[in-house]
*Asks:* 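So that we are looking at the same thing, I have put the structure below in structure tokens.
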Amino acid sequence: MKKILFILVLNFLSFNCTYAANLNPEKILDNVDDIYRSNTSHGILTLAVNTTNWQRTLTLEQWSKDKNKHLIKVLKPKKEKNLSTLRVDNNVWNYMPKVKKVVKIPSSMMSYSWMGSHFTNDDLVKQSRMAKDYDFSISFEGIRDEIDIVEIICIPKKNAAVVWGKVEVVVYREDFIPLKIIYYDEDLKVSRKLEFSNIQTLDNKKMPLKMKMIPEDEPGESTTIQWQEIKFDLAISDDFFSLHNLQR
Amino acid sequence: MNSNQEIVSLKNVVKNYGSGQVAIKALQDIDLKIYKGDFSVMMGPSGCGKSTLLNIIGGLDRVTSGSVIFNGKDFNLLTNKELSLIRRNEIGFVFQNYNLLPVLTAYENAEYVLMLQNIPISQRKEKVMNLFKEMDLEGLENRLPRELSGGQQQRVAIARAVVSNPLLVLADEITANVDSKTAQSLLTLMEKLNKTNNTTFLFSTHDPIVKNFARKVILLKDGLIDKEEQASKNI
Amino acid sequence: MSAKLLLLIIKISWLSLWRNKRRTFISLFSIIIGTGIPIFFVCIAWGFYAGLIDDVARLMSGHITYEHKDYRNSPSNDLWVGDTIKINNTLTNNDNILFTKQIVNLQGVAHTAKGSVGISLMGIEPKKEIAISFLPENIIEGKYLSKVDERLVVVGEKLAKNLNIAIGKKFVFTTNDIKGELTEELFRVKGIFKTGSKEIDGHLIQSNIAIARKVAGLSNDEISQLGIIVKNPDEHEVLIDELQKSLAKNNGIFLSWQKIMPDVATTIRMDRTAITFFMIMLVVIVLFTMFSTILMSTLERKREFASLLAIGTQQIELKVQIFFETIFFGLIGCPLGALVGVGVAKWTEGYDMLNVVGGKSEDMSVGGFGMDTVITPLFSAPLIMQICFFFFLAVQLLSFFPIHLISKISITDELRSA
């Protein structure tokens with residue numbers, strides 16, 4: 001389900017509201033997967049990390065193209081300006097301006113925290129779709145807590161490389177915009193929650209501008225991503241996503 | 001029995017212990033001759049120099065000045081090792097404390113000197129056994145020194161000293177640790193050896209019993225020969 | 001000196017030895033202690049090292065390992081060796097080789113919902129592993145692998161705890177394949193092992209070699225390491241040269257376990273040095289006791305020696321006598337000491353050292369490998385003889401001073417003091 005997250009973070013795309021009489025869970029999940037997907041995107045966002053020991057907020061600028069090319073640069077704070085991350089396919093590089101060095105993230109580091117947040121490097125890379133790794137079904141449909149929702153339960157396929165025991169995706173029934181995603185471990189205990197809020201329309205697209213990752217085993221901690229602005233379908237060439245650009 | 005063969009000849013022998021102001025003059029200008037077949041006794045009070053003189057004659061000690069001629073050999077010209085060989089082959093020693101090797105039997109103690117001289121086993125056995133018979137030691141061959149009385153031990157020691165037929169046997173206070181009866185018998189035995197084998201004996205003692213057996217008595221006093229006299233007792 | 005005289009002197013030496021029985025027994029006792037303790041320790045320690053080396057070799061990649069020549073510098077997944085079926089077949093026919101084991105090692109990360117831990121996945125052939133390694137015996141929960149297990153693995157106890165996984169639970173393994181591409185695989189826990197080593201229990205996972213090959217993208221003829229268990233570990237170096245000449249491919253190299261596990265080798269070397277040093281100290285102390293008794297027995301007999309010198313015994317003959325006395329001490333004491341050392345070592349065989357020193361088996365490790373705390377002494381005849389001989393020589397050296405004293409004896413002084 002980290003896969004979804006990555007898409008959420010990096011691939012905003014116009015969302016076509018498909019209002020169907022017969023709810024098709026696969027279609028809903030595809031829509032959730034694709035909700036942020038487009039040819040290209042360019043936007044500014046803040047990343048607020050809140051741990052028991054420290055807090056910090058970063059302002060980031062991000063570009064994306066297709067499903068597999070992303071570039072993220074730190075704008076603020078000044079101390080970390082130009083710290084950047086490039087992802088092309090399965091590879092992730094970090095550029096550290098202080099030492100002027102590009103570091104390729106080895107596989108052993110993929111599961112470690114990205115920029116100290118509750119997202120991992122892995123979360124950035126995942127690209128496969130929910131439908132491929134999970135069996136799913138609609139488990140609830142209707143009003144819950146005064147909101148008209150659809151709840152889909154995703155159970156990982158037998159041999160899928162997924163750490164979760166179960167994932168619950170809750171979307172607004174009206175437009176399939178995600179409300180929350182709950183990750184369970186193998187013993188079906190909640191492991192982490194991703195909550196969406198602040199639904200607005202930017203560049204003609206309706207989307208939740210804020211999402212908050214809450215790890216269950218670290219009470220009081222969270223990471224919040226808030227989109228400031230975003231534009232879609234700009235002309236960005238493939239060359240833009242290069243190591244050369246990473247260091248600029 | 002006294003022949004004129006000269007075994008030991010001391011001339012102007014001086015022996016000092018220490019040097020300079022603190023030197024002790026143990027012997028002063030001693031002239032002495034010992035002949036083959038002698039049965040002589042050196043007497044004198046303690047510290048008169050008789051032990052020192054005995055050691056010098058036996059090649060155990062060296063003179064400060066003067067000369068010691070033993071069987072024609074000048075001790076002054078010999079190395080320690082040569083002296084040791086002379087002691088082994090030509091001199092027998094009997095000590096006050098017997099000084100037998102405690103780990104060897106009576107027989108082996110007597111045989112030891114013959115082995116040092118590299119005498120073949122058959123001859124060794126014959127010599128020792130004959131001597132033991134002569135000295136009334138028969139039956140004690142396999143006893144260890146500690147299983148023998150003082151007199152028996154001293155007899156074994158005498159046997160050890162005479163078994164190789166040395167030119168000279170030196171006996172230092174050999175009666176000091178035995179009673180007078182035993183002393184008497186020891187001396188009788190040695191006198192017998194002297195007579196039958198013509199073994200030359202030189203005693204150092206202050207035991208009057210020994211004097212009774214001596215044919216020549218040398219009286220020492222303060223490192224000098226006070227008197228040299230033929231004893232009354234004779235053959 | 002005639003042979004007869006020499007025999008007599010030897011006899012006197014022998015008999016003199018028993019004149020003061022108490023002192024002789026004290027001297028013999030010191031020699032027995034002096035030889036026995038080092039031999040005991042060496043048997044135990046060397047046995048322990050031999051056991052450790054064998055255990056580690058069997059658990060990891062053998063006494064000799066065939067691997068990519070750069071693998072030592074950076075054990076990366078893409079440094080593999082090929083053509084191993086042929087090499088393996090040749091090795092199997094070598095009389096000096098007990099077993100071979102094919103290994104695919106993959107460094108990567110295991111993650112569960114709880115978290116991630118860097119691990120080393122070791123792809124092995126279960127049937128062989130059961131025959132060779134002690135790990136299959138150390139399964140504390142669940143079962144060891146069999147050939148048909150595909151996604152099943154055995155994991156270390158500590159790792160299971162850190163990942164919060166139990167029997168039947170899953171985790172995702174992320175690594176790079178040999179082309180450098182990120183790859184992921186789901187595994188489930190079949191068994192949990194406990195070796196007592198923090199490193200192994202905290203980071204090692206074993207799977208079937210087939211799935212490890214699949215994850216890495218290796219063919220059936222390609223592996224990370226070929227482990228060779230030899231019959232005689234002491235002579236494995238010779239075999240290495242031979243194999244390197246006859247079998248190694250361009251990028252492959254045969255290496256000794258000492259190069260594969262330098263930590264273990266260094267620790268053993270340091271440990272051995274420490275023990276040797278300790279033993280030498282002990283020997284020196286014992287020799288001092290010996291020295292005083294030998295010296296005493298000489299000084300005590302000064303008058304006797306003086307009288308022997310007086311009746312014409314040569315100094316050399318007395319020196320030989322004293323020399324033989326110490327030779328007898330050595331000849332009796334050293335073999336007895338060896339017997340005692342070996343006997344005590346034999347007696348402690350099978351005993352668990354933890355019962356004596358206390359503590360936990362986890363704390364007992366050498367170069368990161370847990371050690372077997374059950375005593376299994378190694379009785380190496382050449383080594384025992386060496387120690388005996390060394391001590392024997394040392395005792396002989398002790399007699400030099402008393403022997404020297406013989407030349408200093410003043411016959412007249414000694415006889416006068418009578």
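Within every chain, numbering begins at 1; the chains are lettered A, B, ... in the order of the sequence lines, protein sequences first and strands thereafter. These numbers were taken from a predicted model, which means no experiment stands behind them.
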*Asks:* To the nearest 0.5 Å, what is the distance between CZ (B:Arg62) and OG1 (C:Thr412)?
*Replies:*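 Going from the CZ atom of B:Arg62 to the OG1 atom of C:Thr412 covers 12.0 Å.
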
*Asks:* Which bit of B:Glu108 is near chain C, if near means a heavy-atom gap under 4.5 Å: side chain, backbone, both or neither?
*Replies:*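 B:Glu108 touches chain C through side-chain heavy atoms alone.
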
*Asks:* Look up atom OG1 in C:Thr313 and atom CZ in B:Arg87, then write down how far apart they are to the nearest 0.5 Å.
*Replies:*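 Result: 9.0 Å between the selected atoms.
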
*Asks:* Does any backbone or side-chain atom of B:Ser51 lie under 4.5 Å from a heavy atom of chain C? Answer side chain, backbone, both or neither.
*Replies:*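 Neither part.
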
*Asks:* What's the separation between atom CE in B:Met115 and atom CG in C:Leu5, rounded to the nearest 0.5 Å?
*Replies:*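 The CE atom of B:Met115 sits 6.0 Å away from the CG atom of C:Leu5.
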
*Asks:* Can you find a heavy atom in the side chain of B:Leu85 that is under 4.5 Å from one in the side chain of C:Gln314?
*Replies:*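 With C-beta onward as the side chain, the pair touches.
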
*Asks:* Rounded to the nearest 0.5 Å, what's the gap from CZ on C:Arg301 to CG on B:Leu101? Could you check?
*Replies:*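 Answer rounded to 0.5 Å: 9.5 Å.
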
*Asks:* Begin from the C-alpha positions of C:Arg303 and B:Asn97 and carry the test side-chain contact (heavy atoms from CB on, under 4.5 Å) through to its verdict.
*Replies:* CA-CA 10 Å; C:Arg303 208 183 71 214; B:Asn97 292 312; 4.0 Å; yes

*Asks:* At a 4.5 Å cut-off on heavy atoms, which part of B:Tyr98 comes close to chain C: side chain, backbone, both, or neither?
*Replies:*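 When you check distances to chain C, no heavy atom of B:Tyr98 falls under 4.5 Å.
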
*Asks:* Which region of C:Glu304, side chain (C-beta onward) or backbone (N, CA, C, O), has a non-hydrogen atom less than 4.5 Å from a non-hydrogen atom of chain B, or is it both or neither?
*Replies:*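 Answer is side chain: those atoms of C:Glu304 sit under 4.5 Å from chain B.
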
*Asks:* Which atoms of C:Ile311 are under 4.5 Å from chain B, going by heavy atoms: the side chain, the backbone, both sets, or neither?
*Replies:*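 Both backbone and side chain.
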
*Asks:* Crowded around C:Trp18 CH2? As in, over 12 foreign heavy atoms under 6.0 Å?
*Replies:*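 Yes - once you tally the heavy atoms of other residues, nucleotides and ligands closer than 6.0 Å, there are more than 12.
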
*Asks:* Need one label for B:Arg124: side chain, backbone, both or neither, based on atoms under 4.5 Å from any heavy atom in chain C.
*Replies:*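 The side chain, not the backbone.
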
*Asks:* Ion pair present between B:Arg88 and C:Glu317, side-chain N to carboxylate O less than 4.0 angstrom?
*Replies:*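 Salt bridge flag = yes for C:Glu317 with B:Arg88.
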
*Asks:* Taking everything shown except C:Phe29 itself, do over 12 heavy atoms lie less than 6.0 Å from its CZ?
*Replies:*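 No - once you tally the heavy atoms of other residues, nucleotides and ligands closer than 6.0 Å, there are 12 at most.
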
*Asks:* Let's go through B:Asn80 and C:Gln315 carefully: what are the C-alpha distance in whole Å and the side-chain angles of both, what is the deciding distance for side-chain contact (heavy atoms from CB on, under 4.5 Å) to 0.1 Å, and is it a yes or a no?
*Replies:* CA-CA 10 Å; B:Asn80 284 341; C:Gln315 280 188 6; over 6 Å; no

*Asks:* Working to the nearest 0.5 Å, report the span between CG of C:Leu309 and CG of B:Leu83.
*Replies:*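 So the CG of C:Leu309 and the CG of B:Leu83 are separated by 12.5 Å.
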
*Asks:* Answer yes or no: does atom CZ of C:Phe288 have more than 12 heavy-atom neighbours from other residues, nucleotides or ligands under 6.0 Å?
*Replies:*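 Atom CZ in C:Phe288 is not packed in, count stays at 12 or less.
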
*Asks:* Mark yes when over 12 heavy atoms from residues, nucleotides or ligands other than C:Lys11 sit less than 6.0 Å from its NZ; otherwise mark no.
*Replies:*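 No, the 6.0 Å shell around NZ holds no more than 12 heavy atoms from other groups.
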
*Asks:* Within a reach of under 6.0 Å around CE of B:Met129, are more than 12 heavy atoms found that belong to other residues, nucleotides or ligands?
*Replies:*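 Yes, the 6.0 Å shell around CE holds more than 12 heavy atoms from other groups.
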
*Asks:* Using side-chain heavy atoms (C-beta onward) and a distance below 4.5 Å, is C:Trp14 in contact with B:Val103?
*Replies:*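 Sidechains of B:Val103 and C:Trp14: no contact.
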
*Asks:* To the nearest 0.5 Å, what is the distance between CG (C:Leu308) and CZ (B:Phe93)?
*Replies:*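 Separation between the atoms: 12.5 Å.
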
